[in-house]
Amino acid sequence: MTDTVAPKYYAGPAGGWGSLKGISRVLARELATPGIAETLMRQNKAKGYMCSACAWGKPVRPHVFEFCENGAKSTIWDLTHDRCTPEFFAKHTVTELLQWRDYDLEMQGRLTAPLRYDPISDRYVACDWEDAFAGIAAELKALDPKSVVFYASGKASLETSYLYALCARLYGSNNLPDSSNMCHETTSVSLKKVIGTPVGTCLLEDFARCDAIFYFGQNPATNSGRFLHPLQEAVKRGCKIIVFNPVREKGLMEFVNPQNPMEMLTGHGTDLAHMYLQVKPGGDIAALMGLCKHVLTVDEARRRAGAPGVLDDDFIAEHTRGFDAFATAARAADWREIETISGLRRTDLEAAAHVYMAAERVIGVYGMGLTQHVHGSQCIAMLINLLLMRGNIGRPGTGISPVRGHSNVQGQRTVGISEKPELVPLDWLAQRFDFEPPRDKGLNTVEACEGIRDGSVRGFISLGGNFVRAIPEQGAMEEAWQKQAITVYIATKLNRSHLVHGRASWLLPCLARSEEDLQEGGPQAVTIEDSFSHIHGSIGTRKPASTHLRSESAIVAGIAKALLPPHPRWRWDEWIADYARVRDLIEETYPDQFRSFNQRMFDAGGFYRGNHARERIWETDSGKAEFTCPSVMSALGVGTAPGRYHLITMRSNDQFNTTIYGFSDRLRGLEGSRMILLIGPNDMAREGLCAGDVVSLVSDAGDDVHRQVSGLMVTPFDLPAGCLGGYYPEMNPLIPLWYHDEASKTPASKSVPVRIQRKPI
Ligand SMILES: Nc1nc2c(c(=O)[nH]1)N[C@H]1C(S)=C(S)[C@@H](COP(=O)(O)OP(=O)(O)OC[C@H]3O[C@@H](n4cnc5c(=O)[nH]c(N)nc54)[C@H](O)[C@@H]3O)O[C@H]1N2
Ligand SMILES: Nc1nc2c(c(=O)[nH]1)N[C@H]1C(S)=C(S)[C@@H](COP(=O)(O)OP(=O)(O)OC[C@H]3O[C@@H](n4cnc5c(=O)[nH]c(N)nc54)[C@H](O)[C@@H]3O)O[C@H]1N2
Ligand SMILES: [Mo]
C-alpha cells in the first residue's frame, strides 16, 4: 500500500454522491456477498438490525435508507466474505504479524475458529471451545480476581453485558472498565455532578423544536452520519447552528441529503453552520465564558433600561444553586484572556451570544472535542452553565446532548459494566445470586494500564475492542502487556491487541450483530441503548461467517461455567438458551427503567428508560442543578510554550476507531496515507517546513519521557496557530498515560503536547 499523500481538497459537501461513492468503494469488494442490500434495508428499523457503528437514535418513522455512509461500511465490513482461518495463522508467526498494519490485519476477514497461542511455534493454533474455556478457567483460578481486568468495548448487547459484569463479580472483580473510559466518561462524571444524570437529556424530537444548537467538538458527517438529517431539517426550519471546532469539518458546513433527488441533481444542499468558530484546542472553557459574560452584560443593560432581563430568573431561583458565584466569576473574566485562550474574537463571541439570547430553545451538543481534555469535565460544566442561564434543560426543544460513540456504550454502563461499585445495585445482586460481591472500587482504563505497567494486573479479558491500540503511551504499554499471565480476546476480526498477548492467550471468534444467533430456544434477538436512552431490539439474519462461531453471550457463559462452581441460581445454560430470560433478569435488577422489557423491545423508535434531569428532578448532592466556576480558563493540561504544539488526534472518514477501512479522508480532502501531519500554513512557514517534508513528533509533556512518532508527511491544513492534527491510533504513542481528564481519567487525546523534529531519529 502506498504511503504517499496527494492532498486534493474535496470541494463537495457532506452526503451527496461523495458519500455513495464512499460506500461503494468498500462495497465493491463485497458485492458478491449475498444479502448485503437486504441487511442495509433492515438497518435501524423496528424488528430490524441495529447498526453496530455509532449510538445515534433510531427514529419512530425511519427513512427508506436509515443508514449513513459509515454505518453501511460497518455492516459491510462485518459481512465480508474474507476469512481469517487457522490456516492463515499456520502460515504466519505472531512476531511476523506484529509488523503488519492495522488495515492489513483486519483485511484478513472474519475469524472462524477458537484459537490458542502456542509459545513453541509462536502461532495461534485452532482449539476446541470446551478446551479453551477449561484452559482460561484454569489460568484465572490461579490468579487473584482483583488482578484481572474485564474490559468491554461498547458494542456487545445489553444481554451479553449484563452476563459479563455478573461473571466478573461472581469471580470477585469489579475491574470492569469499558471503552467509555476513553471517550464519554467525562460526560458520565461531569453531567452527574452538575445535573445529576450521567447521560444526555435530549430526545430526537427535541431537534425538531430547538431554535439554536451550540455545537462543540463533534464531527457528525463522519461519526454519526444520520444526525445530519435532523440538523438539516432544523436549519431549514430556521434553527441556527453555532459550531466551535478548530477544524473546519465539511460535514458541519454543507450537507447534500442523499435521500433528496433535487439536492442530489443540483449538488446544492443546506449550509449547516450559521457561524463556524475555529476555537483553539482546549479553548472551549474560555469561549463559553465569553458567551456567558456577554449574556450577563446584556441582561444587566436591559434591566437597567427597565426592560425584562434575558436570564430565566424563576428557573435559576427554583432549580439551580451557585448562580451568584458563577456570575461574579463571569463578570470578572478578562476579555483579553478569553480571546487569547479561545483564539476567537470578542465580536464573534458576542454575536454568538446574541444567537443564544434570541433563541427560546437551545440544545448543547458535544463530542470528543470537549471530553478528551485534561479539564474536559470543566468544559462540559461550562456548557451546562450556559444552558442553565436561560432554563435550557428540561423543556421541549432544549437540553444537553453528548453524542455517544459505540452503538451500545451507554447501555453497557446501564446494565452493570462499571468499575464504580456505587453505580451498581450490589446488595440486590448479592441477594438474587446468593454471593458476596466485591465492594472495592475497580480499575478504570487508565488505572488498568497503570496496573499492567507495575505488574499488579495479571490477566485481561477483552469483550471486543482493540485495547492496546486505543490507549495512550502505546510503546511502553505494549512492552508491559506481555508480562501478563493471561489474555483473552472475544473478537470478530484480527487486530494488534491479539498479537501483543500475555503468556497464555486465547482468541475467541464471535458472531456479528447482523448474523443469525441460533440457540436451543430458537433464533435470538439482542438489545442495545442509543444516545437518547432508548432501548431497541435487534435481530440478526445473515448466515454466520463460520459454523464454529458462538455468540458473545454464549462465550461469556462458557467462560463463566468453567470458571465458577455450579450454583442453582447461576443458570448459564438456561440464560443462553433464551435471552428473554436475561432480559427478565435485567428487568428485575432495574425495574424502573426496564419495565415490560420483553414486551417493549421492538417498539418503533425504541422504548425510553427515562431521565430525571429532563423532568427537572436533579439527582445531585444538593438536589439542584449546579452552576460551577471553572478553576482554569484553558482546558489544556500542559500550557503553551515556544516550539510546543497541541496535537489533535483525529478520526478519518474511513475508519471506525482502530478499524481502518481505507486511506481516504474524503471530507477533509486527504487521500492516500494516514502518516501525515496537518499544520497551519503560518506555523509551517515559521518552522521552515514545506509540504511533503517528512518529520517526527516528539512528546513535550515536561516529564522527560521520550515518546516519538516518525515518518509523518507535512501537509498544510487550515488549523489555528499552535495546533497540529494527526490520526488516531497512529499518534497514540505520543499521549502520556497521566495526561487525562482530572475528574474522569479520560485520556486527553485532543491536546497532546508535542514538538516537531525535522530529522527522523
Ligand atoms: N465512522 C466512524 N464513526 C464513529 C467512530 C469512528 O471512528 N468512525 N467512532 C465512534 C466513537 S467510539 C466515538 S466516541 C464517536 C466520536 O465522535 P466525535 O465526538 O465526533 O470524535 P472525534 O472525531 O474524535 O472528534 C470530534 C471533533 O472534535 C474536534 N476538536 C478537537 N479538539 C477540540 C477542542 O479543543 N474543542 C472543540 N470544540 N473541538 C475540538 C475535532 O476537530 C473533531 O471534529 O464516534 C463514533 N462513531
Ligand atoms: N488518540 C486517541 N485515542 C483514542 C481516541 C481518540 O479520539 N484519540 N478515541 C477513544 C475512543 S472514543 C474509544 S471508544 C476507544 C476505542 O477502543 P476499542 O473499543 O477498544 O476499539 P475498536 O477500534 O472499536 O475495536 C475494534 C475491534 O473490535 C472487534 N470487534 C468489532 N466488532 C465486534 C463485535 O461485534 N464483537 C466483538 N466481540 N468484537 C468486535 C474487532 O476485532 C475490531 O478489531 O479508543 C480511544 N482511543
Ligand atoms: Mo468512543
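A quick note: this is a predicted structure, and the numbers were derived from the prediction, not measured. Along the sequence shown, the residues carry numbers beginning at 1. Note that ligands are numbered from 1 as they come in the structure, with each ligand's atoms numbered from 1 the same way.
- Against a heavy-atom cut-off of under 4.0 Å, Gly464 is close to the following atoms of ligand 2: 37 (C), 38 (N), 39 (N).
- Rounded to the nearest 0.5 Å, atoms CE (Met182) and NE2 (His406) are 7.5 Å apart.
- Counting the atoms of ligand 2 from 1 in the order shown, those under 4.0 Å from a heavy atom of Glu552 are 34 (C), 36 (N), 37 (C), 38 (N).
- Neither side chain, Ser514 nor Thr39, offers a donor N or O lying under 3.5 Å from an acceptor on the other.
- Interface atoms of ligand 2 facing Ile735, defined by a heavy-atom separation under 4.0 Å, are 1 (N).
- Using cut-offs of 30° and 60° for the angle between ring planes, the Phe244 and Phe216 rings count as parallel.
- Salt bridge Glu552/Lys155: absent, no basic N to carboxylate O contact under 4.0 Å.
- Contact atoms of ligand 2 toward Tyr151: 17 (O), 18 (P), 19 (O), 20 (O) (distance under 4.0 Å to a heavy atom of the residue).
- Each of the following atoms of ligand 2 lies closer than 4.0 Å to a heavy atom of Cys510: 36 (N), 37 (C), 38 (N).
- Partners of Ser497 according to the side-chain hydrogen bond (donor to acceptor under 3.5 Å, both in side chains) rule, which considers only residues two or more places apart in sequence or in another chain, are Asn466.
- Looking at Thr492 against ligand 2, both its backbone and its side chain come within 4.0 Å, counting heavy atoms.
- Qualifying side-chain hydrogen bond (donor to acceptor under 3.5 Å, both in side chains) partners for Asp530, counting only residues two or more places apart in sequence or in other chains: His536.
- Against a heavy-atom cut-off of under 4.0 Å, Glu106 is close to the following atoms of ligand 2: 43 (C), 44 (O).
- Taking 4.0 Å as the cut-off between side-chain N and carboxylate O, Arg413 and Glu419 count as a salt-bridged pair.
- Residues that satisfy the side-chain contact (heavy atoms from CB on, under 4.5 Å) test with Cys84, not counting sequence neighbours, are Phe88, Phe89, Gln108, Leu111, Leu494.
- At a threshold of 4.5 Å between non-hydrogen side-chain atoms, the residues Ser551 and Tyr579 count as touching.
- For ligand 1, the 4.0 Å heavy-atom shell takes in Cys54, Asn70, Cys183, Gly217, Gln218, Asn219, Thr222, Asn223, Phe244, Asn245, Pro246, Val247, Glu249, Val279, Pro281, Gly282, Asp284, Gly367, Met368, Gly369, His373, Gly405, His406, Ile648, Arg651, Gln655, Phe656, Asn657, Lys750, ordered by chain and residue number.
- Relative ring orientation between Tyr103 and Trp77 is described as tilted, the plane-to-plane angle lying within the 30° to 60° band.
- Polar contact with ligand 2: absent for Leu494 (N/O pair, distance under 3.5 Å).
- Atoms of ligand 2 lying under 4.0 Å from any heavy atom of Ile490, numbered from 1 in the order shown and given with element: 37 (C), 38 (N), 39 (N).
- Using a 4.0 Å cut-off between charged nitrogen and carboxylate oxygen, Arg542 and Glu515 do not count as a salt-bridge pair.
- At a heavy-atom cutoff of 4.0 Å, ligand 2 is contacted by no atom of Arg513, backbone or side chain.
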